[in-house]
Amino acid sequence: MAGTSEKLRIDKYLWSIRLFKTRTLATEACKAGRVKLKGQNIKPSYEVKIGDVYHIQKGIERKVVLVTGLLERRVDAKTAVQFYEDQTPVEETVGYKSMFHAPVLKRDRGSGRPTKKDRREIDDLQSSEWWEKDDEIKNPEPEK
């Protein structure tokens with residue numbers, strides 16, 4: 001099942017470790033310059049070597065992957081994790097995930113446009129959340 005072949009293309013490797021859903025998407029990412037090795041764009045036919053560190057961008061998500069083994073065929077996720085090490089900095093991982101957990105204000109469908117009063121309340125709510133967070137960062141409260 002898990003092979004250790006001498007030669008393996010980068011697009012096939014990225015597909016087999018489940019970073020891309022299809023091999024075509026992995027190939028297109030390489031062609032578009034979203035897969036880099038030492039800051040250089042690489043072609044889909046580039047040969048993967050154990051110990052290489054690749055910087056991969058998928059939309060707004062960025063990953064740094066160290067190759068620990070070569071995987072010829074696509075396998076389940078638990079097995080695939082053994083063939084690479086995710087070295088993505090924690091700041092980028094947390095920043096990417098926090099975008100999906102941000103509060104979203106929604107209005108009932110068909111309730112019409114907000115009145116002036118509604119608009120002021122919405123603005124106050126939004127500005128108070130952001131200003132409180134900025135104030136905490138800029139001016140932390142002194143300990144007593």
Side-chain angles (χ1 to χ4, degrees), residues 1-115 118-141 143:
M1 193 177 243
T4 56
S5 66
E6 298 286 327
K7 296 180 180 180
L8 185 62
R9 294 170 52 111
I10 184 69
D11 60 343
K12 192 169 185 179
Y13 177 75
L14 294 174
W15 166 76
S16 65
I17 64 169
R18 297 182 163 269
L19 285 183
F20 289 95
K21 191 172 184 177
T22 65
R23 188 168 167 192
T24 304
L25 289 174
T27 303
E28 289 171 2
C30 291
K31 286 180 181 177
R34 288 176 281 193
V35 179
K36 297 180 186 277
L37 174 67
K38 298 178 185 170
Q40 298 292 319
N41 296 340
I42 55 176
K43 295 181 179 181
S45 61
Y46 182 84
E47 289 183 17
V48 179
K49 297 173 189 87
I50 295 176
D52 284 349
V53 178
Y54 296 100
H55 295 266
I56 302 153
Q57 183 174 353
K58 289 173 48 180
I60 59 172
E61 181 182 13
R62 292 187 177 138
K63 288 199 168 277
V64 179
V65 175
L66 169 70
V67 179
T68 58
L70 301 178
L71 186 60
E72 184 105 7
R73 294 188 176 154
R74 191 170 170 105
V75 293
D76 61 301
K78 289 181 182 178
T79 308
V81 173
Q82 299 169 2
F83 291 88
Y84 71 95
E85 184 179 317
D86 190 1
Q87 296 184 335
T88 308
V90 177
E91 304 87 41
E92 288 188 23
T93 306
V94 172
Y96 172 70
K97 290 182 180 177
S98 68
M99 291 176 63
F100 293 104
H101 297 294
V104 179
L105 296 174
K106 291 187 177 182
R107 290 180 48 85
D108 294 332
R109 186 178 177 101
S111 63
R113 294 177 59 181
T115 63
D118 293 338
R119 184 78 240 164
R120 278 187 240 115
E121 290 174 354
I122 292 170
D123 288 342
D124 289 342
L125 179 64
Q126 287 178 335
S127 65
S128 67
E129 286 182 22
W130 292 108
W131 285 111
E132 286 175 8
K133 289 179 184 175
D134 287 343
D135 289 342
E136 290 173 7
I137 294 169
K138 291 177 186 174
N139 303 321
E141 291 185 26
E143 294 180 17

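Scope of the values below: all heavy atoms of this structure, side chains included, with no hydrogens, waters or symmetry mates.
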> So, are Arg9 and Asp11 salt-bridged, with charged N and O less than 4.0 Å apart?
Replying inline: yes

Are the side chains of [X] and [Y] in touch, meaning some heavy atoms are under 4.5 Å apart?
X     : Y     : value
Val48 : Tyr54 : yes
Gln40 : Leu37 : no
Tyr13 : Asp52 : no
Leu8  : Glu72 : yes

Quick one: closest heavy-atom pair of [X] and [Y], and the distance?
X     : Y     : answer
Ser16 : Ala80 : O-CB, 4.1 Å
Phe83 : Thr68 : C-OG1, 3.0 Å
Thr88 : Arg62 : CG2-O, 3.4 Å
Trp15 : Ala26 : N-CB, 4.5 Å
Val64 : His55 : CG2-ND1, 3.5 Å
Cys30 : Val35 : SG-CG2, 3.9 Å

Approximate separation, where rounding is to 0.5 Å, of [X] [atom1] and [Y] [atom2]:
X      : Y      : atom1 : atom2 : value
Arg18  : Leu71  : CZ    : CG    : 10.0 Å
Asn41  : Arg34  : CG    : CZ    : 11.0 Å
Ile10  : Thr27  : CD1   : OG1   : 10.5 Å
Lys43  : Lys31  : NZ    : NZ    : 11.0 Å
Ile17  : Asp86  : CD1   : CG    : 9.0 Å
Arg113 : Ser111 : CZ    : OG    : 12.0 Å

>> Just to verify, what does Asp118 make a side chain to side chain contact (heavy atoms under 4.5 Å, CB included) with, not counting sequence neighbours?
In response: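 Testing Asp118 for side chain to side chain contact (heavy atoms under 4.5 Å, CB included), a comparison that skips the adjacent residues, returns Arg107, Pro114, Thr115, Glu121.
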
> Backbone N or O of Leu19 within a donor-acceptor pair of the Lys58 side chain at under 3.5 Å?
Replying inline: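 Present.
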
> For Arg120, what residues pass the salt bridge (charged side-chain N to carboxylate O under 4.0 Å, His left out) criterion, not counting sequence neighbours?
Replying inline: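 Testing Arg120 for salt bridge (charged side-chain N to carboxylate O under 4.0 Å, His left out), a comparison that skips the adjacent residues, returns none.
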
